[in-house]
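Start at 1 with the first residue, then count along the sequence. From a predicted model like this one, the values you see are computed outputs, not experimental measurements.
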Amino acid sequence: TLDESADKLGISHSTAWSWRHKIMEKMKSFQEDIMLSDRSELDEKYFHKSHKGKKLSDAEPKKRGTPARKRGISGELICSLTGVSRDGAAFAEIHNMGKPSQDDVENIAHHFSSGTFFWTDGTNCYDRLVKEKGCGSKKLVTWESYDEYNHLNNVNSLHSKMEERERKCHGVADKYLPRYCAPWAKVHSLSGMDLSDKVRSVLGLYEKRRDDKRPKTSNLKTLNVFDVAAS
């Protein structure tokens, strides 16, 4: 928690919050450089809208765990497009609300090279990406279609961890969700490594961006997913 971090580092709660968000914002920018291997799994993860930490005059407060008013995947859910390669690399990016379109998927095309083989669920939003990259793909509509080689177990594992971490945070405000998704994906990609390898992996990201300036907290930009969805 922030209080635990502040206590260990000898800083205030507000400073711990600022440091956390600076690190997460930087991790989010590093996601642009992530390239998945030639065997990758794609799927979506949905989060409920949350105005945590802010009172809205035109919205009634909701208790944690309150279900969405609409059933199924609707515009009340925030979509994270998620990719995990069989070698462990991963990304998770927020691009819209509700079901993603093929235009939304274009935003993650730079994470893949030509010839990548994709495993996806039954949605059609990845069809254009597969065609443009000249890739092979296999849609796994039900659990019955899974076998030792054809599955979405890796990306589903990441989604479970994202859900667990969001629950530990008691929900994440929409405007900060893109920042949280990036380190959640990075933590997943580091699983199985010992501590020294994890440190080298993270510091290697900063080595690539040596000329980057340290961001000021006041200059960190949040994403309004509602404006994105409206556009």
Return the set of residues passing salt bridge (charged side-chain N to carboxylate O under 4.0 Å, His left out) with [X] (not counting sequence neighbours), or none when no residue passes.
X: D87; answer: none
X: E132; answer: none
X: D38; answer: none

Over all heavy atoms of both residues, which pair between [X] and [Y] is shortest? Give the atoms and the distance, please.
X: S113; Y: M35; value: N-CE, 3.7 Å
X: A92; Y: M162; value: CB-CE, 4.0 Å
X: A90; Y: S189; value: N-CB, 4.3 Å
X: T116; Y: S40; value: CG2-OG, 3.8 Å
X: L190; Y: K198; value: O-CE, 3.4 Å
X: C79; Y: E44; value: SG-CB, 3.9 Å

Taking S18 for the side chain and T15 for the main chain, is one N or O donor matched with an acceptor at less than 3.5 Å?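 No, S18 side chain to T15 backbone: no donor-acceptor pair under 3.5 Å.
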Please check if the side chain of S80 supplies one atom and the backbone of T82 the other of a donor-acceptor pair under 3.5 Å. no
With ILVMFWY side chains joined below 4.5 Å, transitively, what does L42's cluster contain besides itself?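 I34, L36, L81, F91, V105, I108, F112, F118, Y126, L129, V130, which link up through side-chain heavy atoms under 4.5 Å apart, make up the rest of the cluster.
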Could you list the cluster mates of V141? Members are the ILVMFWY residues connected by side-chain heavy atoms closer than 4.5 Å, either directly or through other members.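 None; V141 is a cluster of one.
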Point-to-point distance, once rounded to the nearest 0.5 Å, from [atom1] of [X] to [atom2] of [Y]:
X: S85; Y: H111; atom1: OG; atom2: NE2; answer: 11.5 Å
X: E4; Y: L9; atom1: CD; atom2: CG; answer: 11.5 Å
X: W19; Y: M24; atom1: CH2; atom2: CE; answer: 15.0 Å
X: R128; Y: Q102; atom1: CZ; atom2: CD; answer: 5.0 Å

Which residue in the set D43, D121, D127 passes salt bridge (charged side-chain N to carboxylate O under 4.0 Å, His left out) when paired with K139?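 Only one option passes, and that is D127.
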Note, [X] side chain near [Y] side chain (heavy atom, < 4.5 Å):
X: M97; Y: K49; result: yes
X: W184; Y: M27; result: no
X: H48; Y: L77; result: yes
X: S137; Y: F117; result: no

Stepwise, does the side-chain contact (heavy atoms from CB on, under 4.5 Å) test hold for F30 with K186? CA-CA 10 Å; F30 290 154; K186 184 60 180 177; over 6 Å; no
Are the aromatic ring centres of W17 and H21 under 6.0 angstrom apart?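 Distance test on ring centres: under 6.0 Å, yes.
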Side-chain heavy atoms nearer than 4.5 Å, only ILVMFWY residues, links allowed to pass through others: does that put L2 and V187 together? no
Go through the steps to decide whether L177 and C181 satisfy the test side-chain contact (heavy atoms from CB on, under 4.5 Å), and finish with yes or no. CA-CA 6 Å; L177 190 56; C181 285; 4.2 Å; yes
Please check if atom CZ in R165 has more than 12 non-hydrogen atoms from other residues, nucleotides or ligands closer than 6.0 Å. no
Apply side-chain contact (heavy atoms from CB on, under 4.5 Å) to F47 and D174, showing your working. CA-CA 9 Å; F47 298 92; D174 302 331; over 6 Å; no
For E93 and K28: C-alpha separation, side-chain torsions, deciding distance, then whether salt bridge (Lys or Arg N to Asp or Glu O under 4.0 Å) applies. CA-CA 9 Å; E93 298 179 4; K28 183 167 72 73; over 6 Å; no
Could you give me the CA-CA distance, side-chain angles and deciding distance for E164 and R167, then say whether salt bridge (Lys or Arg N to Asp or Glu O under 4.0 Å) is met? CA-CA 5 Å; E164 179 184 356; R167 186 167 56 250; 5.4 Å; no
Between V199 and S196, does the side-chain contact (heavy atoms from CB on, under 4.5 Å) criterion hold? Intermediate values first, please. CA-CA 5 Å; V199 172; S196 59; 5.8 Å; no
Should E163 and K45 count as an ion pair when the cut-off is N to O under 4.0 Å? yes
Assess whether a salt bridge exists between K8 and D3, defined as any Lys/Arg side-chain N lying under 4.0 Å from an Asp/Glu carboxylate O. no
Could you go through residues 148-155 and list every donor-acceptor pair under 3.5 Å that involves a side-chain atom there, pairing it with any protein atom two or more places apart or in another chain?
| residue | atom | partner | partner atom | Å |
| --- | --- | --- | --- | --- |
| N150 | OD1 | W119 | NE1 | 2.9 |
| N150 | ND2 | D147 | OD1 | 3.4 |
| N150 | ND2 | D147 | OD2 | 3.1 |
| H151 | ND1 | N153 | N | 3.2 |
| N154 | ND2 | E41 | OE2 | 2.7 |

